[in-house]
Amino acid sequence: MQQFTRKENFLIANTLNCIPFLLQGQSVLIDLRNDCSVAGRIDNVDGHMNINLEDVVFINRLSQQFPFEQFMVRERMIRQIHIPGHINMSKEIQEWCEQGCNRRPPRTRDSNKGKRTFKQKRAQERHQEILQNIEQQKQQQQGEPKVN
């Protein structure tokens with residue numbers, strides 16, 4: 001299991017930096033800020049959202065494709081991550097939150113055995129709000145007729 005610093009753990013638990021963390025091992029398309037794209041399988045992610053990819057195809061602005069064995073995308077360069085259609089991201093985030101937002105048992109002190117800290121509660125509440133917003137948007141989209 002990958003070890004993160006306290007700051008990385010905070011960013012993963014309190015922001016959407018958890019999305020690439022949850023997509024490890026999946027093939028994704030990442031749009032970059034310089035109008036280029038990178039398609040490949042996520043190998044490793046850190047808490048700051050720097051992403052290491054394997055078996056990559058880099059697509060430049062002119063739609064020319066260049067293959068790479070490994071490629072690193074820095075957090076600043078990411079514009080958008082396309083989530084594969086077969087993954088229900090809201091369900092993944094919800095399961096991850098129920099496991100404690102870091103997939104390992106939380107450290108507990110003798111004084112607060114089993115109790116969540118204020119930061120943990122706030123992080124889980126924020127993730128739940130995001131999930132509710134996603135579900136509301138899905139319901140609104142399903143209710144509207146499609147225009148061709």
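We use all heavy atoms of the structure for the numbers below, so side chains are in, but hydrogens, waters and symmetry mates are not.
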Q) Hey, is Asp55 close enough to Arg41 for a salt bridge, meaning N to O under 4.0 Å? A) yes
Q: Using a cut-off of 6.0 Å, state whether more than 12 heavy atoms not belonging to Gln64 lie near its atom CD.
A: yes
(Q) Just checking Arg74: does its CZ atom have more than 12 heavy atoms from other residues, nucleotides or ligands closer to it than 6.0 angstrom? (A) no
Minimum heavy-atom distance [X]-[Y], with the two atoms named:
X	Y	answer
Val28	Pro84	CG1-CD, 4.0 Å
Phe71	Val38	CE2-CG2, 3.7 Å
Leu131	Ser90	CD2-O, 3.1 Å
Ser37	Asp31	OG-OD1, 3.1 Å

For the residue pair [X] and [Y], establish whether any side-chain heavy-atom pair is separated by less than 4.5 Å.
X	Y	value
Val73	Asn50	no
Leu22	Trp96	yes
Met49	Leu16	no
Ile51	Met72	no
Asp43	Leu53	no
Arg79	Leu32	no
Gln26	His86	yes
Asp46	Glu8	yes

[atom2] on [Y] to [atom1] on [X], rounded to 0.5 Å:
X	Y	atom1	atom2	result
Met89	Ile93	CE	CD1	4.5 Å
His127	Gln94	NE2	CD	12.0 Å
Ile19	Ile87	CD1	CD1	11.0 Å
Lys138	Asn133	NZ	CG	12.5 Å
Gln132	Glu129	CD	CD	7.0 Å
Gln140	Glu135	CD	CD	12.0 Å

Q: Please work out whether the ring planes of Phe58 and Phe66 are parallel, tilted or perpendicular, with thresholds of 30° and 60°.
A: tilted
Q) So, Asn17 and His48: side-chain donor and acceptor under 3.5 Å apart, yes or no? A) no
Q.
Quick one, Ile30 with His82, criterion side-chain contact (heavy atoms from CB on, under 4.5 Å). Give me CA distance, side-chain angles, the key distance, then yes/no.
A. CA-CA 6 Å; Ile30 300 174; His82 296 268; over 6 Å; no
